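The structure appears below as structure tokens.
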Amino acid sequence: MEVKIYTTPTCGYCHQAKRFLDELGVDYTEYDVSRDRTAAEGMVHLTGQMGVPVIAVDGQVVIGFDRARLEQLLARGSRKHPRFGLKVADASRRARKLGEPPVFGALVGSVAPSSPGERAGIRTGDIITEINRKRVNNAAELEHVVGALTPGSSVSVTFYRGEQAIRSEIVI
């Protein structure tokens with residue numbers, strides 16, 4: 001995880017943000033924009049403004065000391081989430097565009113080679129409807145359920161290929 005913080009020595013919120021990152025044990029690179037013109041220009045280019053602190057966590061920018069947003073970004077970066085290697089969209093949204101009846105699930109747009117999704121037998125066009133017997137209504141729910149899984153665990157995936165329901169067990 002890459003964390004950058006743009007500061008000035010007189011900024012109280014900058015000191016709070018650095019203390020917060022230090023307490024969490026987060027490694028970061030600090031840029032003092034009052035002394036480093038290149039860093040100041042980079043910060044303005046990144047945000048369009050000159051206020052500090054500006055904190056970038058893996059490219060996601062937080063302007064000011066927004067503790068809740070930082071906790072969210074840092075938590076996302078610190079955990080290793082299992083991935084299925086799929087690109088998905090809401091099946092119901094796709095069905096509406098085609099004038100078809102609503103369908104629940106996550107429509108698979110692509111499957112990465114050698115990914116857990118490929119090992120499970122999932123193909124482009126399949127609709128994932130359950131993970132570990134929990135209903136998946138859309139792409140966001142699939143991402144949420146998969147993100148909560150533990151690497152190395154056994155996972156049951158139910159998906160539809162046409163009218164056929166297929167259940168597969170994989171270890172992620």
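Since we're looking at a predicted model, the values are computed, not measured.
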Test side chain to side chain contact (heavy atoms under 4.5 Å, CB included) applied to Phe20 and Leu70, step by step: CA-CA 10 Å; Phe20 172 73; Leu70 285 170; 3.9 Å; yes

Nearest heavy-atom approach of Pro116 to Ile170 is O-CD1, 3.5 Å

Test of understanding: clusters of I, L, V, M, F, W, Y form through side-chain heavy atoms closer than 4.5 Å, transitively. Do Val52 and Ile5 belong to the same one? no

Contact between Thr7 and Val33 at the side-chain level, heavy atoms closer than 4.5 Å - yes or no? no

With side chain to side chain contact (heavy atoms under 4.5 Å, CB included) as the criterion, how do Ile55 and Tyr6 come out once you've worked through the C-alpha distance, each side chain's angles and the decisive distance to 0.1 Å? CA-CA 6 Å; Ile55 304 161; Tyr6 298 85; over 6 Å; no

Counting only N and O atoms by type, is there a donor-acceptor contact under 3.5 Å from the side chain of Asp90 to the main-chain atoms of Ser92? no

Whether Asp126 side chain and Arg123 backbone form a donor-acceptor pair below 3.5 Å: yes

Ion pair check, Arg19 and Glu23, cut-off under 4.0 Å: no

Nearest 0.5 angstrom please: Arg161 CZ to Ile166 CD1, how far? 4.0 Å

Start with the C-alpha distance between Thr47 and Val61, add both sets of side-chain angles, then the distance that settles side chain to side chain contact (heavy atoms under 4.5 Å, CB included), and finish with yes or no. CA-CA 8 Å; Thr47 65; Val61 177; 3.7 Å; yes

Nearest non-hydrogen partners of Ala91 and Ile127, listed with the distance: CB-CG2, 3.9 Å

Considering only heavy atoms from C-beta outward, does the side chain of Ile128 approach that of Val108 to under 4.5 Å? yes

For residues Leu24 and Leu74, determine if any side-chain heavy atom of one lies less than 4.5 Å from a side-chain heavy atom of the other. yes

Is it possible for you to say whether Ile122 and Leu149 belong to one hydrophobic cluster, with membership spreading through side-chain heavy-atom contacts below 4.5 Å? yes

Would you indicate whether the side-chain heavy atoms of Glu141 and Asn138 approach each other to under 4.5 Å? yes

Stacked cation flag Arg135 on Phe104, 6.0 angstrom / 45 deg: yes

Sub-4.5 Å side-chain heavy-atom contact between Phe159 and Ser168: yes

Validation row: Asn132, Val145 side chains within 4.5 angstrom (heavy atoms): no

Path from Met1 to Leu21 over hydrophobic side-chain contacts below 4.5 Å: yes

For a 4.5 angstrom cut-off between non-hydrogen side-chain atoms, does Met43 reach Gln49? no

Verdict with supporting geometry, Asp32 and Ser34, side-chain hydrogen bond (donor to acceptor under 3.5 Å, both in side chains): CA-CA 5 Å; Asp32 180 350; Ser34 70; 2.5 Å; yes

Answer yes or no: is there a donor N or O on one side and an acceptor on the other, between the side chain of His15 and the main chain of Pro9, under 3.5 Å? yes

At what distance, to the nearest 0.5 angstrom, does CZ of Arg167 lie from CZ of Arg133? 4.0 Å

Spacing of CG belonging to Asp66 relative to CD belonging to Gln72, to within rounding of 0.5 Å: 9.0 Å

If you count the non-hydrogen atoms of other residues, nucleotides and ligands that lie under 6.0 Å from OH in Tyr28, is the total more than 12? yes

Closer than 3.5 angstrom, by distance alone: can the side chain of Thr158 be matched with the main-chain N or O of Glu130 as a donor-acceptor pair? no

Does Val171 form a side chain to side chain contact (heavy atoms under 4.5 Å, CB included) with Val155? I'd like the steps, not just the answer. CA-CA 6 Å; Val171 174; Val155 178; over 6 Å; no

Could you give the distance from NZ (Lys4) to CG (Leu46), rounded to the nearest 0.5 Å? 8.0 Å

Is there a donor-acceptor pair closer than 3.5 Å between any side-chain N or O of Glu118 and the backbone N or O of Ser114? yes

Once rounded to the nearest 0.5 Å, what's the spacing between atom CE of Met50 and atom OG1 of Thr8? 11.0 Å

Contacts of type ring-ring contact (aromatic ring centres under 6.0 Å, His included), residue Tyr13, not counting sequence neighbours: none

Heavy-atom closest pair, residues Cys11 and Pro53: SG-CD, 3.9 Å

At what distance, to the nearest 0.5 angstrom, does CG of Leu107 lie from NZ of Lys87? 14.0 Å

Same hydrophobic cluster for Leu73 and Phe65, using side-chain heavy-atom links shorter than 4.5 Å among ILVMFWY? yes

